[in-house]
Amino acid sequence: MSSNPVAVTVASLMPRAKEELTELVAFKSVADFDQFPREESEGAARWIAAALTAEGFQDVTLLDTPDGTQSVYGYLPGPEGAKTVLLYAHYDVQPPLDEAGWTTPPFELTERDGRWYGRGAADCKGGVIMHLLALRALKANGGVPVNVKIIVEGSEEQGTGGLERYAEEHPDLLTADTVVIGDAGNFRAGLPTVTTTLRGMTMVRVRVDTLEGNLHSGQFGGAAPDALAALVRVLDSLRAEDGSTTVDGLTGDSAWQGIQYEDEQFRKDAKVLDGVELIGSGTVADRIWARPAVTVLGIDCPPVVGATPSVQASARALISLRVPPGVDAARATELLRAHIESHTPWGARVTTEQVGQGQAFRADPASPAYQAMADAMAAAYPGQEMQYAGQGGSIPLCNTLAALYPKAEILLIGLSEPEAQIHAVNESVSPDELERLSVAEALFLRNCAGGAA
């Protein structure tokens, strides 16, 4: 990659990084304990705690957060009077979804076509390894020149807010001059990128009831109100004809001013089928970074196999709403629930329950830390200039940290470039990206301390 000693060291550490990521991916650490054993998550937390202890971190602690999960904390002291940098990642992962759709087992890191496949390889167990690689490279080349705090969350994917509430209750724990969130990604592989905005999110569970019990569709169908049909009407009301999100009272016409996302590239990245149109209006960047987006995450109804000829008495759905910076997530939740209630047909009984929420985030790219990162990325990615992009996903902790530590500079980098296919089947990480971003993070930490890249 480079004659830079830090880069040379990181390159030499990549075989070890693969071994460690293999071990970490093997934990089925989905923080939904109705589906996956708690021991899998706790095992991943213990693995990280042991890795931090081996690297000389002090005060390594498994934090029991209010949502019933564990986050891992550690502190690595630097030279006297040095600045403090907080490194963030999370070890919990999304469920593997349809395991039959995976080419290789989701919890076995597998190399194929130059990428490493496995659930969490990019999002965000790879982020944990990235932090370790950066610190090891610095230790091998003069030492870590800053104080380092690390926090690895155990429930980020669930949006249950455990770490946010813990941080609010222990405001001194995560104080730092600079925060590096290792849970974003480059705009595309090989193009160094920092994420400057995140959409917020809310999740609402909806239940529609119309009958005391299911009825024979031949005897009662046509007059008996079908709860599943009513739910379909409700869900359809959340989108305009072109697919744009339409929640009553929620504005959806903001424009993105940074790097643009060409339609054809997006179609390729999203693997849109031939002949299928993109939805929404405005540029792709407008739609995925600057505007609200509703998604139906799941529906409880009879499966096709084994279904009986019945009018359904009840039906449920889980709805996600992503909201852009400038929109309060709590207000968006209120509008979404009101919309659902007002668009439920036939006088059907409807109940809504909020099950997760996180605020949108906007960073300050004019802060000195961004120049330090730009210099570091220029060294790690020769010939490439750092880009600024948004991200449609949510990292609720960002706003919590910004509120607790308003003087801290917050940057978002990571391994979740489009080919990584995070949250989908066959998630993967590019080892080249892991290597280069680890170099960039190491050089950034050195730049923060006033050293040369």
Side-chain angles (χ1 to χ4, degrees), residues 30 32-36 94-101 158-160 201-250 252 272-273 275-280 292-323 329-357 423-425:
V30 180
D32 180 348
F33 303 135
D34 291 331
Q35 296 187 70
F36 289 83
Q94 287 285 339
L97 302 176
D98 178 14
E99 293 201 31
Q158 297 298 314
T160 46
M201 58 82 69
T202 184
M203 286 194 293
V204 172
R205 187 178 292 127
V206 183
R207 176 177 176 133
V208 176
D209 295 286
T210 56
L211 305 166
E212 291 185 0
N214 291 355
L215 299 172
H216 190 289
S217 61
Q219 184 176 3
F220 294 99
D226 184 330
L228 181 54
L231 178 62
V232 168
R233 288 281 187 94
V234 172
L235 300 180
D236 182 62
S237 74
L238 294 169
R239 292 194 180 276
E241 188 67 24
D242 67 358
S244 299
T245 293
T246 53
V247 175
D248 294 343
L250 191 61
V272 180
L273 300 179
V276 178
E277 300 175 0
L278 301 184
I279 63 173
V294 70
T295 304
V296 180
L297 303 181
I299 300 178
D300 285 342
C301 60
V304 172
V305 176
T308 62
S310 302
V311 179
Q312 300 300 310
S314 299
R316 296 197 310 166
L318 182 63
I319 300 170
S320 164
L321 177 63
R322 303 283 181 169
V323 295
R331 176 59 177 160
T333 303
E334 294 174 359
L335 293 173
L336 177 60
R337 297 177 74 171
H339 178 106
I340 291 167
E341 292 167 4
S342 66
H343 287 266
T344 301
W346 316 323
R349 297 179 183 177
V350 60
T351 56
T352 61
E353 176 190 4
Q354 180 187 326
V355 293
Q357 181 178 287
H423 293 204
V425 298

_Pairs touching residues 237-246 that satisfy side-chain hydrogen bond (donor to acceptor under 3.5 Å, both in side chains), sequence neighbours left out_ =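 Matches after skipping sequence neighbours: Ser237-His339, Asp242-Ser244.
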*Sorted by first residue and then second, give each side-chain hydrogen bond (donor to acceptor under 3.5 Å, both in side chains) pair with at least one member in residues 223-232; sequence neighbours left out.*
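Pairs touching residues 223-232 that pass the test: none.
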Could you report the tightest heavy-atom contact between [X] and [Y], atom names first, then the distance?
| X | Y | value |
| --- | --- | --- |
| Val425 | Gly101 | CG2-O, 4.0 Å |
| Val208 | Ala348 | CG1-CB, 3.8 Å |
| Leu238 | Val294 | O-CG1, 3.7 Å |
| Met201 | Ala329 | O-CB, 4.1 Å |
| Pro96 | Phe36 | CD-CZ, 3.6 Å |
| Pro292 | Leu321 | CB-CD1, 4.3 Å |

*asked:* Between Asp209 and Ser314 (side chain of the first, backbone of the second, donor and acceptor by atom type, cut-off under 3.5 Å), is there such a pair?
replied: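 Not a single qualifying donor-acceptor pair exists.
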*Measure from the side-chain N and O atoms of Thr210 to the backbone N and O of Pro225, and report whether any donor-acceptor pair falls under 3.5 Å.*
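It does hold such a pair.
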Which side-chain N or O atoms in residues 215-224 pair as donor and acceptor under 3.5 Å with protein atoms at least two apart or in another chain?
| from | atom 1 | to | atom 2 | distance (Å) |
| --- | --- | --- | --- | --- |
| His216 | ND1 | Gly218 | N | 2.8 |
| His216 | ND1 | Gln219 | N | 3.2 |
| Ser217 | OG | Pro309 | O | 3.1 |

_Quick check for you: to the nearest 0.5 Å, what is the distance between Ile299 atom CD1 and Leu228 atom CG?_
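That separation rounds to 7.0 Å.
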*CD1/Ile279 to CD/Glu277 distance, rounded to the nearest 0.5 angstrom?*
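These two atoms lie 10.5 Å from each other.
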How about [X] and [Y]: do any of their side-chain heavy atoms sit closer than 4.5 Å?
| X | Y | answer |
| --- | --- | --- |
| Pro95 | Asp32 | no |
| Val323 | Thr202 | no |
| Arg207 | Val350 | no |
| Ile319 | Leu235 | yes |

*Mind jotting down which residue pairs meet the salt bridge (charged side-chain N to carboxylate O under 4.0 Å, His left out) criterion with at least one end in residues 294-315? Sequence neighbours excluded, please.*
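Checked against salt bridge (charged side-chain N to carboxylate O under 4.0 Å, His left out) - neighbours excluded - the pairs reaching residues 294-315 are Asp300-Arg316.
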*Provide the full list of salt bridge (charged side-chain N to carboxylate O under 4.0 Å, His left out) pairs with a residue in residues 335-357, sequence neighbours left out, each pair given once.*
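Every pair satisfying salt bridge (charged side-chain N to carboxylate O under 4.0 Å, His left out) with a residue in residues 335-357: Arg205-Glu353.
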_Between Gln357 and Thr333, does the side-chain contact (heavy atoms from CB on, under 4.5 Å) criterion hold? Intermediate values first, please._
CA-CA 8 Å; Gln357 181 178 287; Thr333 303; 2.9 Å; yes
*Among all residues two or more places apart in sequence or in another chain, which pass the side-chain hydrogen bond (donor to acceptor under 3.5 Å, both in side chains) test with Gln158?*
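Counting only residues at least two positions away or on another chain, Gln158 forms no side-chain hydrogen bond (donor to acceptor under 3.5 Å, both in side chains).
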